[in-house]
Amino acid sequence: MQERYDPEAVEQEAQEYWRENECFAAKERPGARKFYCLSMFPYPSGRLHMGHVRNYTIGDTIARYRRMRGDNVLQPMGWDAFGLPAENAALERKVLPGAWTRDNIQAMREQLQRLGFGYDWRREFATCDPEYYRWEQWLFIRLFEKGLAYRKKALVNWDPVDQTVLANEQVIEGRGWRSGAPVEQREVEQWFLRITDYAEELLGALDHLEGRWPHQVLQMQRNWIGRSEGVEIRFALEGREEPLTVFTTRPDTLMGTTYMALAPGHPIVQEISRTNKGLHDFLNHPAQTSEESVQDREGHPLGLNALHPLTGEELPVWVANFVLMEYGSGAVMSVPAHDQRDWEFAHHHGLPIRQVIAPADGSEADLDAEAYTEWGVLVNSGAFDGLSSEEGYAAITRQLSEQGRGESVVRYRLHDWGVSRQRRWGCPVPMIHCGECGVVPVPEKDLPVVLDEALPPEADLPEDWKTVPCPKCGRLAQRDTDTFDTFVESSWYQARFCSHDADDAMLDERARYWLPVDQYIGGIEHAILHLLYARYFHKLMRDEGLVDGDEPFAHLLTQGMVLKDGHKMSKSWGNVVDPEPLIERYGADTVRLFVLFASPPEHTLEWSDSGVEGCSRFLKRFWRFVHQHRECASAAGVEADGLDAQQEELRRKLHETIRKAGHVAEQRHTFNTAIAANMELLNDLMHLSEAGKAEPALVRECLEAMLRMLTPIVPHVSHVLWRELGFDGVALEQPWPEADEAALQRSVEQIVVQVNGKVRAQLELAADISEDELQRKVLDNAKVQRFTEGKTVVRIIQVPHKLVNVVVRDA
RNA sequence: GCCGAGAUGGCGGAAUUGGUAGACGCGCCGGACUCAAAAUCCGGUGGGGUAGUCCCCCGUGUGGGUUCGAGUCCCACUCUCGGUACCA
């Protein structure tokens, strides 16, 4: 046996064994309890960073633990391979995006394998594989046929020099990042997915994830979906047929409406501006409509009146720069007395302010200072006077609805998802535009529409690719040259891992076996978009009959960022720690151990090089200790009766550690504490050994359990030591240790004694001592008496097996 | 502004349910081994008082409260981080 811990040799041996025996090849075993453990797949940037190492170590530790618990575990890995960096690299280095991406995948796969993660590599795929995106195209066509995918005009960032569309991240201070030219907003026809059809379900289902997903993530998704209940009201316009529709959450304030405000982009505003020079000038005056001017509450009257739906009163209609076209109908009923923005606008433009809500407690609202936005009691509201806001809300809504002028509606902040990207390195949109037939999907037999990887991204698409016969009428038609948002690929990869090689369907029965993902692990930065889109896609696939269940991820763990010197590791801060040299120097196990030990998974991790050293030392000491006690391997079971007090105490510690580590692995995932407990155990074991009391049977029991507890965390060391000690089987396949209740029992206990809540003494007492006896011993104790002398004992509080608190009062 | 999370030694962090605050690790200090260094091992390490080991006081962002007892619960506040923002 190697006396010194040599990580390289150890890791080689373990990894070879796993590979040769295909230990991580997951097979469907109907009836067996399955566990699908998934870490968010990486973008193949070229090298792993610490965030990846952390993410994948957490995932692998959980997966290996579940396996020891007897679960049938699936842990796959793949590549989120489409995206902008590949196109940039292609431009900068004159390589092809596909080649660059696949080289990066190669390099990162090797790094992941070096870290010993137990992935089922047979299931690996990259989202740029045509066999993968083919099914994305297929599903998209299904959605199109169901009306869930549709086209509409939307604004894009257009770089007039590079003649290209830019992503939001590529627009820096209003200019194209590459050309430096001012970016224009252009209206372009784009594909959208009707995620708003699922808004209610996406929101409601969050409640069922409570306790399984971090609360923070649920709250962020709720806010993002942004449900609000209110009333849609139609105001008649003087001299016009079409009414003006507004949305309000406060119909109780309807009687306080004194004017109407429209967004600058509202069709009525646009129409009037053609004949109204003052309005036209206002709209084209950047000082009055730009984002910076919004705080100034600029506006302009339209010379148009709306009629109050209940009183018929004439209300002037204005354009106001703070009204958003994207929310609601782009128009609001303005109640300056009870909305702060309306109040500011009214002040600025001398519009009337009419109070219709009074504070419920009878106090006066100071409307000269600010709007009164609380709920209260209706006043100046005719027949509604005296009603509470809640009653007024209902009564006014009822009356509007009876008169056909309004009804209750639910609004969402969530917009439909624009999935068109005018990029090359992405999944082609499988659609054909025919002058005669309109938009026609590519027939299923012609899928996938393959991206020509040999074509540099800056080269024009060949005419014979762009122009094809219309599948319907046969006339020449144009292919859609856009690609999908890369979030589309990452919205269903978790399902495809189950059926990775299905070539006649997107998914098959295997997906029903494995899904949902039992534990998903990834960065908090994906709390909204990725996790919302993936939930949406799961529901789409469910409604296609492809998967069971309503949610893709049963449990979610969001790991914190890895910081260095208080900042996120990044090139611009120059504080990136490359995992590679650390693995080189200390070995994979030390790096794995450290990222788990340094902090709980959900916390941000402040990187420290010296911390790694500590973990390395622990493994070395452990290795050496095992080496020095090899003879224990042949020892028989521990005879509990033959142990002295110190040995008994150590054995108790062992079983406490087992209990703690089990709890951590099962529920809390605070692996730092489980590691600390094992470090303590090793320290105690070494002290026992120094005292000459390291009975082989006891040492064997400890080492066997420790190796099992450490197997998910430092699998290589555990694998080799397990074999070298000659224990049965392999570490990986061992059952997780169970704590022995009998060993946890104590005959003598340490009892803390407090007087008035302050610790004054500690007593060693028999565990089965009677209450009377205990009280007598406590009160007879000299240290206790120093604080009870001359006072009256009011009462004595006992926490069994732990603590006694003597409450005294001056006599 | 709003929503969420958090604040514990020089540092990362412990302390399932209110019950010995500071486990474990890093760093630092002292010692052993060594010609020396590295490695390794041993001891110490919240602040203060009394100065030896016995003991006392203070201490978990700030100020209040509940309780026999509060890092943990309640109220108010400060700061940090994450998200989001004229959402009618």
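A, B, ... follow the sequence lines: proteins, then strands. Residue 1 opens every chain. Quantities reported herein were computed from a predicted structural model and do not represent experimental measurements.
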Touch check for A:Ser608, heavy atoms < 4.0 angstrom, all strands: base, sugar-phosphate only, or nothing? nothing
Parallel, tilted or perpendicular: ring planes of A:Phe553 versus A:Tyr520, cut at 30 and 60 degrees: parallel
Got a sec, which residues hit ring-ring contact (aromatic ring centres under 6.0 Å, His included) with A:Phe235, two or more places apart in sequence or on another chain? none
Pick the C1' atom in B:G25 and in B:C75, then give their distance to the nearest Å. 38 Å
Contact class for A:Arg786 (heavy atom, under 4.0 Å): base, sugar-phosphate, or nothing? sugar-phosphate
Contact class for A:Asn678 vs. all strands (heavy atom < 4.0 Å): base, sugar-phosphate, or nothing? nothing
Mind checking A:Ile528 for me? I need base, sugar-phosphate or nothing, with any heavy atom below 4.0 Å counting as a touch. sugar-phosphate
Parallel, tilted or perpendicular: ring planes of A:Phe594 versus A:Trp607, cut at 30 and 60 degrees: perpendicular
Distance test, side-chain N/O of A:Arg760 to OP1/OP2 of B:C56, below 4.0 Å: yes
A:Lys777 and its side-chain contact (heavy atoms from CB on, under 4.5 Å) partner, picked from A:Leu765, A:Ile751, A:Val784, A:Val804: A:Leu765
Flag for A:Tyr393-A:Ser408: side-chain donor and acceptor within less than 3.5 Å: no
Tell me which nucleotide among B:G12, B:A88, B:C41 gets nearest to the side chain of A:Glu606. B:G12
Can you check whether A:Arg413 has a side-chain N or O nearer than 4.0 Å to OP1 or OP2 of B:C87? no
Can you measure A:Phe787 atom CZ to B:C56 atom C1' for me and round it to whole angstrom units? 8 Å
Any N/O pairs under 3.5 Å between the protein and nucleotides 17-22 of chain B? List them or say none.
from	atom 1	to	atom 2	distance (Å)
B:G19	N2	A:Gln754	OE1	3.2
B:G19	N2	A:Asn805	ND2	3.4
B:U20	O2	A:Gln762	NE2	2.9

So, A:Glu326 versus A:His415: side-chain donor-acceptor pair below 3.5 Å or not? no
Distance alone, cut at 3.5 Å: any donor-acceptor contact between the side chains of A:Arg809 and A:Asn756? no
Worked verdict on A:Glu210 versus A:Arg222 for salt bridge (Lys or Arg N to Asp or Glu O under 4.0 Å): CA-CA 12 Å; A:Glu210 203 77 61; A:Arg222 285 188 188 107; 3.1 Å; yes
Among residues 218-226 of chain A, which residues get a heavy atom nearer than 4.0 Å to RNA chain B? A:Gln219, A:Met220, A:Asn223, A:Trp224
Rounded distance in Å - CD (A:Glu613) to P (B:C26): 9 Å
Using a cut-off of strictly less than 4.0 Å between a heavy atom of the residue and any atom of RNA chain B, enumerate the qualifying residues of residues 592-605 of chain A by number. A:Phe597, A:Ala598, A:Ser599, A:Pro600, A:His603, A:Thr604
What is the distance, rounded to the nearest whole Å, between atom CG of A:Asp342 and atom P of B:A88? 12 Å
Give one of base, sugar-phosphate or nothing for A:Lys660, where a contact means two heavy atoms less than 4.0 Å apart. nothing
Determine the interatomic distance between C1' on B:A23 and the same-named atom on B:U62; round to the nearest Å. 28 Å
Are OP1 or OP2 of B:C41 and a side-chain N or O of A:Arg617 less than 4.0 angstrom apart? no
A:Arg668 vs A:Arg250, nearer the 5' end of RNA chain B by closest nucleotide: A:Arg668
Gap in Å between the two P atoms, one belonging to B:G4 and one to B:C57, rounded: 41 Å
Taking pairs as Watson-Crick (N1-N3 plus N6-O4 or O6-N4) or G-U wobble (N1-O2 and O6-N3), each distance under 3.5 Å, the stems of three or more consecutive pairs with RNA chain B are B:1-7 with B:78-84, B:10-12 with B:24-26, B:27-32 with B:40-45, B:46-49 with B:55-58, B:61-65 with B:73-77
Rounded to whole angstrom, note down the P distance from B:U45 over to B:C35. 32 Å
Describe the nucleic acid contact of A:Arg659 in one word from base, sugar-phosphate, nothing, applying a heavy-atom distance below 4.0 Å. nothing
Within the 4.0 Å heavy-atom criterion, would you say A:His215 contacts the bases, only the backbone, or no part of the nucleic acid? sugar-phosphate
Are side-chain N/O atoms of A:Arg54 and A:Ser599 paired as donor and acceptor at under 3.5 Å? yes
Name the one of A:His348, A:Gln340, A:Arg341 that satisfies side chain to side chain donor-acceptor pair (under 3.5 Å) with A:Glu344? A:Gln340
Would you please classify the geometry between the A:Tyr65 ring and the A:Trp736 ring as parallel, tilted or perpendicular, with 30° and 60° separating the classes? perpendicular
Using a cut-off of 4.0 Å on non-hydrogen atoms, how would the nucleic acid contact of A:Val323 be classed: base, sugar-phosphate, or nothing? base
Looking across every strand, which nucleic acid part, if any, lies under 4.0 Å from A:Val807 by heavy atom: base, sugar-phosphate, or nothing? sugar-phosphate
Determine whether the side chains of A:Glu602 and A:Gln559 contain a donor N or O and an acceptor N or O closer than 3.5 Å. no
Picking from B:G13, B:C87, B:G4, the nucleotide nearest the side-chain atoms of A:Tyr327 would be B:C87
Determine the contact category for A:Arg624: base if any of its heavy atoms lies under 4.0 Å from a base atom, sugar-phosphate if only primed atoms, P, OP1 or OP2 are that close, otherwise nothing. sugar-phosphate
Could you tell me which residues satisfy side chain to side chain donor-acceptor pair (under 3.5 Å) with A:Arg760, sequence neighbours excluded, listed by chain and number? none
Rounded distance (Å) that lies between atom P of B:A88 and atom CH2 of A:Trp375: 12 Å
Contacts of A:Gly614 and A:Asp339 projected onto RNA chain B by closest heavy atom; the upstream (5') one is A:Gly614
Classify the nucleic acid contact of A:Tyr412 as base, sugar-phosphate or nothing, counting any heavy atom under 4.0 Å across all strands shown. nothing
Given B:C87, is OP1 or OP2 found less than 4.0 Å from the side-chain N or O atoms of A:Arg341? yes
Is the glycosidic torsion of B:G9 within 90° of 0, making it syn, or is it anti? syn
So A:Ile524, base contact, sugar-phosphate only, or nothing? Heavy-atom distance under 4.0 Å. nothing
